[in-house]
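Below: one structure, written as structure tokens.
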Amino acid sequence: MWVRRCLFFAWVALALGRAFYLMTLPPTPPVLPAPLAQAAATGQLSWVVGEVVSVTRHGPHSVRFVFQVQARVHGPRLDGVQTFQPAVKVWLSWSHTDPQGPMASWGPRAGERWLLPLRWQTNRPSPTEGGFDAQRWMQQQELAALAWVAGGAAQPWGARRLGSGVSLMQALRQEVRDRIASVVVQPRLAGLVAALCMGDQNAIDPADWTIFRRTGVAHLVSISGLHVTLLAVWLAAWADRAMRVWRWRGQPWALYAPAPMVAQWVALAVAGLYAWFSGWGLPAQRTVWMLLATAFLRQLAWHWPPHALWLGLVASVACFDPLALSQPGFWLSYVAVGVLYTVQIGPIEHPLRRWLAETLQVQWRLSLALMPLCLWFYQGVSLAGLWVNLWAIPWVTWVVTPLALMGMWFEPLWTLAGWAVGWLLMGLDWVAQSPWALAEAISPPLGVVIWATISAMLAIQPGPWAFRAWCGGLVWPLLWWS
């Protein structure tokens, strides 16, 4: 027993140590092949053939997307093909004058192959202190360069669509987003419905992100573990019920496996597919790994304590995707899961009172535990989020998200989802206008953040009230850090 524990904690330490070491290294995004790098250095026009491998992002004057360059040609006639193995990804910008104009009909879409004339951006973006690190982002997205389609607002001469590619999932995501935009007329509401349905956070208006940050509900407008679990639970319940009905009707193949086990693996498969469809973000990954670990532990009849399962998931992500530890969402997501393990509710018979007690306990514990990390990453803490989440979480979880998901099978439900999102934004707009909604402060040193996070985690653990209050009091002065 002790040997297994020592090996487990040694693996966790090695995985985290390797991840932290890789994070200290300077960002090294992929580089362009030699012919394209030479053209970028000399400012020459490059004719390339490739595939659109991301959902297109329409702005007021341009459309942007990830383009996987597969080959270089000498001109628009596709002569002198020079294939690249492996293909390299670049971030493209294609200028236009009107997002609803002619380009909307002939412009690029995810999953299509195109012949394009490109001009390259020679200088790499520099990281900004306390802001968006463009170099780290390019490294995480495996982008080799930034470029734009030559030709201005009109369709460039010679640029043309060559057919369909192999990015079927991205093509499906593009189709769903376009269908949402056609049903929900207002772009602001359509962007939020698309974010909750398929994880397209880039469709959200930039001004709305300020509102979400001030009200502390930014976690609700992304595909979080709650949304993935909700869909998985729905279909698991359907699978369990179907297996029992088929067994009652005498279907022999329904006797090969217990209904709960079938429902468990159906939930895992659905969670994996939906997480992949929604962009494979960190919260969705965390949910899939948790469901997978729980399924295997149940299958093997092993009983792991919650802290061991939590550490194992953190170490697994550090092994397979060490750069994920450099993203704020990783720490906020996994600290939030650790907080959920500490919630213990006494026996309450009335279901409504029990739900209210659980909601209040979870909310104040999350607000206290995540405060140091929010100050470190975002230089601010939403004071309004403590009570806004009490009504925003149920509204998004039980009204908006189900309507957005079921709209993929019955499109009129997206109209109701847009109406529900409108009511949500109306309340958030009113709260965000208050000057006390957000408490901003200078980001404290990393050592102070670690000390405050440990104090917050001790304050939410079961134990004597005097000790917990003392630990909690060590966290609040961070709001006045200067």
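Computed over heavy atoms, backbone and side chain alike; hydrogens, waters and symmetry mates excluded.
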Problem - Validation row: Leu196, Leu405 side chains within 4.5 angstrom (heavy atoms) - result: no

Exercise for the section: Taking the side chain as every heavy atom from C-beta outward, state whether Gln82 and Pro35 have any pair of such atoms under 4.5 Å apart. Expected result: yes

Handout entry: Flag, side chain of Asp240 to backbone of Val262, donor-acceptor distance under 3.5 Å
Key = no

Problem - Trp11 to Ser316 - nearest heavy-atom pair and separation - result: CH2-OG, 3.7 Å

Handout entry: Step-by-step side chain to side chain contact (heavy atoms under 4.5 Å, CB included) determination, Arg214 to Val431
Key = CA-CA 8 Å; Arg214 291 185 61 84; Val431 176; over 6 Å; no

Practice task
Keeping the roles fixed (side chain from Arg119, backbone from Gly43), state whether a donor-acceptor pair exists under 3.5 Å.
Solution key: yes

Handout entry: With Trp114, the ring-ring contact (aromatic ring centres under 6.0 Å, His included) member among Phe67, Trp94, Trp47
Key = Trp94

Handout entry: Minimum heavy-atom distance between Leu45 and Leu118, given as atom pair plus value
Key = CD1-O, 3.4 Å

Exercise for the section: State, to 0.1 Å, how close Ala459 and Trp364 come at their nearest heavy-atom pair, and which atoms those are. Expected result: O-CH2, 4.4 Å

Exercise for the section: Indicate yes or no for a side-chain donor-acceptor contact from Ser62 to the backbone of Ser95 under 3.5 Å, with no hydrogens or angles considered. Expected result: no

Exercise for the section: Hey, can you tell me if Trp470 and Phe467 have their rings parallel, tilted or perpendicular (30° and 60° cut-offs)? Expected result: tilted

Handout entry: Donor + acceptor pair across side chains of Gln70, Thr83 (<3.5 Å)
Key = no

Exercise for the section: Check for a donor-acceptor pair, side chain of Glu112 on one end and backbone N or O of Arg109 on the other, with a separation under 3.5 Å. Expected result: yes

Problem - Whether Ser54 side chain and Val66 backbone form a donor-acceptor pair below 3.5 Å - result: yes

Exercise for the section: For this output row, return yes or no: ring centroids of Trp91 and Trp148 closer than 6.0 angstrom. Expected result: no

Practice task
Compare all side-chain heavy atoms of Phe20 with those of Leu325 and state whether any distance is below 4.5 angstrom.
Solution key: yes

Completion exercise
In terms of heavy-atom contacts, Ala404 and Ala417 come closest through N-CB, 4.0 Å

Exercise for the section: Indicate whether the side chain of Ser167 and that of Glu51 have a donor and an acceptor atom separated by less than 3.5 Å. Expected result: yes

Practice task
Could you tell me whether a side-chain N or O of Arg64 sits under 3.5 Å from a main-chain N or O of Arg57, the two making a donor and an acceptor?
Solution key: no

Exercise for the section: Return yes if some donor-acceptor pair links the side-chain N/O of Arg173 with the main-chain N/O of Met198 below 3.5 Å, else return no. Expected result: yes

Practice task
Using atom types as modelled and distance alone, determine if a side-chain donor or acceptor of Asp208 lies under 3.5 Å from a backbone N or O of Ile204.
Solution key: no

Practice task
Determine yes or no for a side-chain-to-main-chain donor-acceptor pair under 3.5 angstrom, with Arg177 supplying the side chain and Thr56 the backbone.
Solution key: yes

Problem - Heavy-atom check, side chain of Val449 versus side chain of Leu375, under 4.5 Å - result: no

Practice task
Evaluate side chain to side chain contact (heavy atoms under 4.5 Å, CB included) for Val73 paired with Val48, printing each intermediate quantity in order.
Solution key: CA-CA 6 Å; Val73 295; Val48 299; over 6 Å; no

Handout entry: Side chain Arg113, main chain Gly50, donor-acceptor under 3.5 Å
Key = no

